[in-house]
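Just so it is clear: chains get the letters A, B, ... in the order the sequence lines come, proteins before strands, and each one is counted from 1. Every value quoted in this text rests on a predicted model; they were computed, and no experiment measured them.
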Amino acid sequence: MGSSPTPVVTRFAPSPTGFLHIGGARTALFNYLFARHFGGKFLLRIEDTDRERSTQAAIDAIIDGMKWLDLEWDGEITYQFARAERHAEVARQLLAEGKAYYCYATPEELEEMRAKARAEGRPMKYDGRWRDRDPSEAPAGAKPVIRLKAPQTGETTINDLVQGEVTVSHEQLDDMVLLRADGTPTYMLAVVVDDHDMGVTHVIRGDDHLNNAFRQLALIRAMGWPEPIYAHIPLIHGADGAKLSKRHGALGVTDYREMGFLPEAVENYLLRLGWGYGDEEIISRQQSVEWFTIDAVGRSPSRFDLKKLEHLNGHYMREADDARLTDLVKPRIEAQLERALTEAERAMLQSSMKELKVRAKTLVELAQSALFFFRSRPIPLDAGAMKLLQPPAPDILREAYAALADAPEWKSEALDAAVRALAERLGLGLGKVAQPLRAALTGSNTSPGIFDVLVGLGREESLGRIEDVMTSATSGQ
RNA sequence: GACCCCUUCGUCUAGAGGCCUAGGACACUACCCUUUCACGGUAGGAACACGGGUUCGAAUCCCGUAGGGGUCGCCA
C-alpha cells in the first residue's frame, strides 16, 4: 500500500437543503474509502450558509443516511455558518491587500450584462466594471459586495485525479463575489477557507464542481495557501441519461432503506457505479478499503439501475444473519398485520428465515412472503390459490388431511414421507398434492417448500387451515 | 450561446498497441435442478458512436464530426 507524503484528509460537504441523495452518498463513500485506504481522515462539513434553505430536518436526514451506510467520519461535524466571521475576515484581508474590491453593481445591472454577453456570444461573466474604480464613485447608500480580483490573462491547468489534465483560460474566469452585500460569505469563499482551515488535502466531489475548481484556485492562490488535489467524479444519471433528480425515483438514501434495501447492498452498488476492480462484483467493506483508488473511477456518468441494486440486495439478504433479518422484517410484518408478533411468532419467523430469504430481493418482499404465517384462520386466498383449489383438489386435500393427521411426528421427514406415500397411492405426481396443500396453507401459489411451511405452521394450525378450505369447498359455491 | 467533460453489449463495467473471433455482472431467452416460487447450474442473443490519420498492427494514440452531460447567481 502506498503511503502519502502528507496525511490524507478528505471531506464530505453536503448542503442541508434536502435528504442525502444517492449521488451524495456515493461522493461520501468515495471520500470515505479514499481516506481509509491511506489511513487518513474523513471529515464531515455541513454547508449551511444558505439560511433560507438549510433546515435541521435535512441535517438530521444526512447524518441518519451517513450512519445507515456506516460512513463514519472523524472528529466533530463542522458547521459552515458558524464560521462566517472567519470567512469575512479572509475577504477583508484580501481587500486590504488589494486582491479584492468593492463592487456596487446592482442585480439589475448584472442581469443586463449577462443577457448582453449571451446575445453577443461571449461568456456570461461579470465584466469587472468596479475592479479599478474608486469607491468614492459609489452610489450613495448602496451596499457593496466584495469581489476577488481574478487573474485575467494566462491559464490554469488542474491535474485532476479523475478527469486528468484540464485547462481553462483565465479569460473565462470572472471576479466572483466573496462577501455578499449583507456581509455573509458566498459558497466559493466558504469552501476554500474551510477546506484550508480543516487541512483538506484531497477534494473529491461531483464533477458539477469542476468549473468551480478554477475559480476557487484563484482564491487559494490569492491567499497563498497550498492547493488541494482535486478529483471530480462523474454524476449519477437517471435511466434517461439526465442528471439524477426526484423525477427518476432516486430519492434519499434512507428511502432505499424504506424500500427494503440493506445498507451493504446499496454501498456495494454505489461502489461499482463508475468504479471497477477487474471482474469483482461482490465487494466487502474491507476489500473496498483495500482496493479503492480514485484514479480507477471512470470519467463518464453512469445510470442508476434498480434491477442491479435488487440483485445485489438479494445476494446480501441471503448472506445476512437470520436474527438480523428477523428484526428488520418484523416491524414490516406487524405494520401489515396491525398487531404485534408474539415471542413465539418471532421465533417461528426466524426459524423460517433461511427458507424465506432466498426468495426475496428486498425486505418488502420478504415481509410479504412471510405474512401468511401470521394470518388468522380462515386465511385469505389469492387468485392463484383459488385456482389450485378447483376440483379435484378438495378430494385430494381430504386425503392429505388424513395422511398428515396420521403422521407419526410433525417433522419435515415424516411429513414428506406421508405426503409422498399418499401421492403414490393416488397415482399422482407430488406436485398434484403439494400445490393444493400450498394453496390451503399459505393462500397463495408460491411459498417456501411445503414441508417447511407445515413445520413452521405447526400441526394444529396446518390441519386447521386445510380443514377451512375443505369445508368452504363443500359448503360454498 | 460560451467554456469544460464524456462516448465498449439495453444497463454497470474489464480492457492502459498485438493476450480481443472484446471478458464479467445485471436484465432477457432456453434448458437442467425441482412440490410452487426463488436459489444454483449450463447455454444463447447482445457492444468498441462515426470518419480520417499514426503504426507491420488500434477498442486502446492523434485529429475531426455527431450525440450526450455539466457549468456559467450576492444557491451550494
When we call it a touch if two heavy atoms are under 4.0 Å apart, what does A/Ala385 touch: a base, just sugar-phosphate, or nothing?
nothing
For each nucleotide in nucleotides 36-41 of chain B, reading 5' to 3', give B when a protein heavy atom comes within less than 4.0 Å of its base, S when such contact involves only the sugar-phosphate, and - otherwise.
BBBSS-
Side-chain ion pair, A/Asp48 and A/Arg51, N-O less than 4.0 Å
yes
For A/Asn212, answer base if it contacts any base atom (sugar-phosphate contacts may also be present), sugar-phosphate if it contacts only those atoms, and nothing otherwise; contact means non-hydrogen atoms under 4.0 Å.
base
Does the side chain of A/Asn212 pick up a donor-acceptor pair with the side chain of A/Tyr187 at under 3.5 Å?
no
Contacts of A/Asp416 and A/Ala105 projected onto RNA chain B by closest heavy atom; the upstream (5') one is A/Asp416
Would you list the atom pairs, donor with acceptor, under 3.5 Å between side chains in residues 413-426 of chain A and any protein atom, with sequence neighbours excluded?
unit_1   : atom_1 : unit_2   : atom_2 : d
A/Asp416 : OD1    : A/Arg420 : NE     : 2.4
A/Arg425 : NH2    : A/Glu399 : OE1    : 3.0

Looking across every strand, which nucleic acid part, if any, lies under 4.0 Å from A/Thr49 by heavy atom: base, sugar-phosphate, or nothing?
sugar-phosphate
Judged by modelled atom types alone, do A/His170 and A/Thr156 share a side-chain donor-acceptor pair under 3.5 Å?
yes
Taking every non-hydrogen atom, the tightest pair across A/Val168 and A/Gln172
CG1-CB, 3.9 Å
Per-nt protein contacts along nucleotides 2-12 of chain B (heavy atom under 4.0 Å; B base, S backbone sugar-phosphate only, - none) come out as SSSSSS---SB
Measuring from the side chain of A/Asp279 (C-beta onward, heavy atoms only), which nucleotide among B/C26, B/A76, B/G24 has the closest atom?
B/G24
Watson-Crick or G-U wobble mate for B/A43, both contacts under 3.5 Å:
B/U29
